[in-house]
There are 2 protein chains.
Amino acid sequence: MNSKKGIQRFPTPRHNHATCVNTAMHQAEDYCNRTGVRLTQLRRRVLELVWSSHRPVGAYDLLEQLEPKGRKAAPPTVYRSLDFLLEHKLIHRIDSLNAFIGCNQPGHEHDAQFFICKACGEAAELIDPKVERALVKDANQLGFNIEKQTVEIAGLCNRCHQGRKK
Amino acid sequence: MNSKKGIQRFPTPRHNHATCVNTAMHQAEDYCNRTGVRLTQLRRRVLELVWSSHRPVGAYDLLEQLEPKGRKAAPPTVYRSLDFLLEHKLIHRIDSLNAFIGCNQPGHEHDAQFFICKACGEAAELIDPKVERALVKDANQLGFNIEKQTVEIAGLCNRCHQGRKK
DNA sequence: AGAACAATGTAATATCATAACATTACTCAA
DNA sequence: TTGAGTAATGTTATGATATTACATTGTTCT
């Protein structure tokens, strides 16, 4: 599922998701060990929850899952962990959904493109240098200095599109 | 400032903004007359407020400006007008800012790219077929059916970038 | 004039996010 | 090992954005 170039196909129901989670958690641990930042229990737990699917997930959804029984955590609890994970590029924020999704190239500075299915909610992360190049060229012509790209494509994945045709 | 291809340069302080507003309002009127939808007082007022600058503006900012004296309007008032203007492609929503900006190709179905200066807040709307083509190609490879593109580039415009170098 | 529908007003509430300050946990030098 | 300094988390309150539901007003068309 993971590769240097990001997910190349849409996540399928058949894929072994445990592998995705494992890879992500190990990469996060490696990154934190290498750079000397702390992947605390809470941060690890939030990262696991984000990685529980390939669907962008909202902060308050995560919050509910954090304390399934009894007293519940307050918003800053989850937002601080999300901020940490964002800062270290372990997750991405999907602005068009106010939601968060695991990153495929953790700890590595990059701007990605997201293809997000409106029906099943799953998302694929791509890094297409052509998109990047075209945007950089446009920016140059405008005299604009890019800091961050937000490229989020909404639509229907193949499965859901087929399903609707019936 | 306006053209068939969208703003090609960043809005400058020197440009005659009254022309931008005039053009936008006339295009909106034409569109509504042609298609038989109603550009009511309220909707016109909201559109004018959105066009009062080239900066994306928040719904609550608009709301405040709607009733400068005395009783103030409630959120649905402005959101309904914004929904109408969005539906008819007279404005765009900038997801990364939760804000709204006038559209340069009103009433015309298109996906644009936005370059938004973090310092001065001004934004330029471009339509670069290369970006579109690259994304469509990626989508095809994923078996993905695009419905809507969100391409929002944050950074510094030339003016603000120069200013910071000093 | 009045029926049908579109637009707007109003009150309440949902959803997403941060500020400010208190408490706990960790690190590291002495 | 201890305690001072810092990092992380807990807690309460509030800010910012957006929607639901229902009442009222305005427009259109016979």
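Here the structure is a predicted model, which means the values were calculated and not measured. Every heavy atom of this structure was used, including side-chain atoms; hydrogens, water molecules and symmetry mates were not. First the proteins, then the strands, lettered A, B, ... as listed; each starts at 1.
Taking atom NZ of Lys72(A) as the reference point, atom C1' of dT9(D) lies 18 Å away to the nearest angstrom. Leu82(A) places its CG atom 15 Å from the C1' atom of dA8(D), with the value rounded to the nearest Å. To the nearest angstrom, P of dG10(D) lies 12 Å from CZ of Arg45(A). The distance from atom NE2 of His88(A) to atom C1' of dA8(D) is 13 Å, rounded to the nearest whole Å. Taking atom CG on Leu97(A) and atom P on dT17(D), their separation rounds to 18 Å, with Å as the unit. Rounded to whole Å, atom P of dT14(D) lies 19 Å from atom OH of Tyr79(A). Leu62(A) has its CG atom 15 Å from the P atom of dT9(D), to the nearest Å. Between the CD1 atom of Ile94(B) and the C1' atom of dT17(D) there is a distance of 16 Å, given to the nearest Å.
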Can you check nucleotides 5-8 of chain C for protein contacts, nitrogen or oxygen pairs under 3.5 Å, and list what you find?
from	atom 1	to	atom 2	distance (Å)
dA7(C)	OP1	Arg43(B)	NH1	3.2
dT8(C)	OP1	Thr40(B)	OG1	2.6

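Legend: salt bridge (Lys or Arg N to Asp or Glu O under 4.0 Å) pairs involving residues 13-24 of chain A, not counting sequence neighbours: none detected. Counting only residues at least two apart or on different chains, the salt bridge (Lys or Arg N to Asp or Glu O under 4.0 Å) pairs with a member in residues 110-123 of chain B are Glu147(A)-Lys118(B), Arg55(B)-Glu122(B).
For Ser53(A), there are no side chain to side chain donor-acceptor pair (under 3.5 Å) partners two or more places apart in sequence or in a different chain. Here Asn98(B) pairs with Arg93(B) under the side chain to side chain donor-acceptor pair (under 3.5 Å) rule; sequence neighbours left out. Partners of Arg43(B) according to the side chain to side chain donor-acceptor pair (under 3.5 Å) rule, which considers only residues two or more places apart in sequence or in another chain, do not exist here.
For the residue pair Gln113(B)/Asp128(B), the side-chain donor-acceptor check at 3.5 Å is not satisfied.
dC16(C) has Tyr60(A) stacked on its base ring, the centres lying under 5.5 angstrom apart and the planes within 30 degrees of parallel.
Comparing Pro76(A) and Asp61(A) by the nucleotide of DNA chain C whose heavy atom lies nearest to each, the residue mapping closer to the 5' end is Asp61(A).
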